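Given the structure is predicted, the values throughout are model-derived calculations rather than measurements. Atoms within a ligand are numbered from 1 in the order they appear, just like the ligands themselves.
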Amino acid sequence: MLRVVVMVSGGGTNLQAVLDAVRDGKITNAEVVGVISNKPNAYALTRAENAGIPAVCVSPKSYSEREQFNEALLAAVDSFSPDLVVLAGFLVILPELLIRSYKNRMINIHPSLIPSFCGKGFYGLKVHEEVLARGCRVTGATVHFVDEGCDSGPILLQKAVEVRQGDTPEVLQRRVMEEAEWQLLPRAIDLIANGKVAVKDGFAQIL
Ligand code: GAR
């Protein structure tokens, strides 16, 4: 059984998609053993509790120094002994030690087709605002392994989503979630849990 820790900052709809997929047998050979949030009032924490999964909050506001927060965050992740760390809307700059400790064992879901609309400052609704501002006809989502850069790690899965005339950022965000994110993230975990993914020379391969 692959031990999965999910890290969240907000509503946790991607977390919910993962929990539902485990429940429904769409993800096999994996269990979510813990959820970590940086925000004490994140609804994702409630979702974890409702599913009977241990959930902890590690807030930067509880620490006077960033380094102390970084250490606490790494300790929280390590405490679950995960095989895979899943960033599901975790909107925090990751400590380098965390990235190094979980190299090739940490994935992130991003709400665009990387390398478009990614990197510093592109997160959440902002991504969809920029897609609309550029007049794109197509957007999508990406699951990638996390490396030291910002949204720069090996790409595992992507799915395109149509942009429609009259879309607001909120409407587009919802479509990207429904048509791409909530499918891609469970699928990525299932592939990894069943030994179907290898990372080699900076590229993810589906075996
Ligand atoms: C999701 O759209 C996810 O792709 C995005 O935050 C949202 C979290 O929603 N992540 C990023 O922008 C990372 N750069 P959720 O809490 O409902 O899953």
Side-chain angles (χ1 to χ4, degrees), residues 4-22 27 32 34-51 53 55-59 73 84-95 98-99 102 106-134 136 138-163 167-189:
V4 179
V5 161
V6 183
M7 302 181 76
V8 293
S9 297
T13 62
N14 278 286
L15 167 66
Q16 193 65 56
V18 171
L19 295 175
D20 292 351
V22 170
I27 297 176
V32 179
V35 170
I36 299 172
S37 170
N38 63 308
K39 294 257 174 70
N41 53 358
Y43 186 65
L45 288 171
T46 307
R47 293 182 192 273
E49 279 155 26
N50 289 345
I53 290 161
V56 295
C57 173
V58 183
S59 167
L73 194 61
L84 180 70
V85 177
V86 175
L87 307 182
F90 188 63
L91 307 179
V92 167
I93 304 285
L94 289 180
L98 181 64
I99 297 171
Y102 289 91
M106 188 186 292
I107 58 173
N108 177 48
I109 179 102
H110 183 78
S112 77
L113 292 174
I114 290 175
S116 289
F117 304 102
C118 66
K120 202 166 178 289
F122 285 98
Y123 59 88
L125 206 56
K126 181 83 186 150
V127 174
H128 307 291
E129 286 169 0
E130 295 294 329
V131 166
L132 291 175
R134 186 61 186 85
C136 295
V138 169
T139 182
T142 302
V143 175
H144 64 92
F145 284 91
V146 176
D147 68 5
E148 284 79 3
C150 195
D151 299 327
S152 59
I155 290 171
L156 176 55
L157 296 175
Q158 289 188 305
K159 188 159 188 268
V161 174
E162 185 192 5
V163 180
D167 272 351
T168 63
E170 290 79 7
V171 165
L172 183 58
Q173 179 181 50
R174 180 77 191 182
R175 189 178 312 118
V176 169
M177 285 176 158
E178 280 177 1
E179 294 183 9
E181 296 187 48
W182 300 342
Q183 299 171 22
L184 290 186
L185 195 55
R187 181 150 167 256
I189 296 170

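- Side chains of Ile107 and Phe145 form a contact here, defined as non-hydrogen atoms less than 4.5 Å apart.
- Residue pairs meeting the salt bridge (charged side-chain N to carboxylate O under 4.0 Å, His left out) criterion with at least one partner in residues 146-155, sequence neighbours excluded, do not occur; the list is empty.
- For a threshold of 3.5 Å applied to N or O pairs, the pair formed by Thr13 and ligand 1 contains at least one separation below that value.
- Residue, atom and distance of the protein heavy atom nearest to atom 11 (C) of ligand 1 are Pro111 CD, 3.6 Å.
- For Ala17, the side-chain contact (heavy atoms from CB on, under 4.5 Å) partners two or more places apart in sequence, or in a different chain, are Trp182, Pro186.
- In this structure, Ile109 is part of the shell of residues with a heavy atom less than 4.0 angstrom from ligand 1.
- By the criterion of a heavy-atom distance under 4.0 Å, the backbone of Phe122, and not its side chain, is placed next to ligand 1.
- Considering only heavy atoms from C-beta on, Val35 stays 4.5 Å or farther from Glu49 through its side chain.
- Under 4.0 angstrom from ligand 1, the non-hydrogen atoms of Met177 all belong to its side chain.
- Atom 12 (O) of ligand 1 has its closest protein heavy atom at Gly124 N, 2.8 Å.
- In this structure the side chain of Met7 reaches within 4.5 angstrom of the side chain of Leu73, judged on heavy atoms.
- Among all protein heavy atoms, the one lying closest to atom 14 (N) of ligand 1 is His110 ND1, 3.2 Å.
- Taking any N or O of Tyr123, backbone or side chain, none lies under 3.5 Å from an N or O belonging to ligand 1.
- For atom 16 (O) of ligand 1, the nearest protein heavy atom (residue, atom name, distance) is Gly12 N, 2.7 Å.
- Judged by distance alone, with hydrogens and angles left aside, the side-chain atoms of Gln173 form no donor-acceptor pair with the main-chain N or O of Gly124 at under 3.5 Å.
- Near Glu181, with a cut-off below 4.0 Å to any heavy atom, the atoms of ligand 1 are 1 (C), 2 (O), 3 (C), 4 (O).
- Side chains of Met106 and Leu98 form a contact here, defined as non-hydrogen atoms less than 4.5 Å apart.
- The Gly89 neighbourhood of ligand 1 comprises atoms 6 (O), 8 (C), 10 (N), with distances under 4.0 Å to a heavy atom of that residue.
- We find that Lys126 and Glu130 are joined by a salt bridge, their nearest charged nitrogen and carboxylate oxygen being less than 4.0 Å apart.
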